[in-house]
Amino acid sequence: METPHILVVDDEKEITDLMEIYLIQEGYLVTKRYNALTLLEDLQNNHIDLVILDVMMPEISGIEALKMMREKFHIPVIIVSAKTADQDKIEGLLSGADDYMSKPFNAMELVARVKAQLRRTQVFSKPLVDSSHIIQATDLMIDKQKKSVTLNDCPLSLTRIEYEILVLLASHPGTVFSIEDIFEKIWHVKPANASNSNNTIMVHIRKLREKIERQPRNPQHIKTVWGIGYKFDL
């Protein structure tokens, strides 16, 4: 198996050095950058498996770089930023980040999140052999074998996390999943902070509804079970 290659982009050298030490201890190959100017070039010229990205950097912010990256690349991105307000985290997730950590951070937790992202990428890159790979819910169709979603025969563009949440819920119609259940099954780690996990899941559910529901404010498929979580109705 090829050694995973992690690209760390942060203008604080002490932080990139710390990340490098812990990631190398786990056997990863690490490339460091102190601004995001060469992000697209690095991704184009190297096989990068995951990006760790700061937000506040000179010349081009991490959010701007992430938006440009998402036009061409779909590899996992973990934002690690000193911007800790809920709105900042929501902006990062909506811009295409797969995970968001606040500074100061626990280095071992960062490693755990890197492992979870890489593990999920490996799982979802494997072909599915389940013969019942089609989920039909009125005019919404999920093909788990092709990893595609269509609405009234029109293909939908979902992020990887949106797709995984949809498949999780739709594969168990009528089953109520709590926020903690969804977070743990998608990220493969227990949520460290209930408020952060709630915001993360709520943002992805909202964006998912905007894409698959004809009336996102009155959803037909992804239903909220107040005080508990979410369920999928066929």
Y28: partners by ring-ring contact (aromatic ring centres under 6.0 Å, His included), with sequence neighbours left out = none
Connected hydrophobic set around Y100, excluding itself, where side chains approach under 4.5 Å = L7, V9, L37, L39, L40, L43, I48, V51, L53, V55, M56, M57, I60, I63, L66, M68, M69, F73, I75, V77, I79
M202 and I186: same hydrophobic cluster, using ILVMFWY side-chain contacts below 4.5 Å?
-> yes
Same cluster for L93 and I205 if Ile/Leu/Val/Met/Phe/Trp/Tyr side chains link at under 4.5 Å?
-> no
Sidechain N-carboxylate O distance under 4.0 Å for K103, E12 | yes
Thinking salt bridges, do D181 and K185 make one under a 4.0 Å N-O criterion?
-> no
Are any non-hydrogen side-chain atoms of [X] and [Y] less than 4.5 angstrom apart?
| X | Y | answer |
| --- | --- | --- |
| T138 | H221 | yes |
| V114 | M19 | no |
| T31 | N46 | no |
| D54 | T16 | no |
| I134 | M141 | yes |
| R214 | D139 | yes |
| H133 | D143 | yes |

Between E213 (side chain) and Q220 (backbone), is there a donor-acceptor pair under 3.5 Å?
-> yes
Pairs flagged by side-chain hydrogen bond (donor to acceptor under 3.5 Å, both in side chains) wherever residues 61-70 is involved - sequence neighbours left out | S61-E64, R70-D98
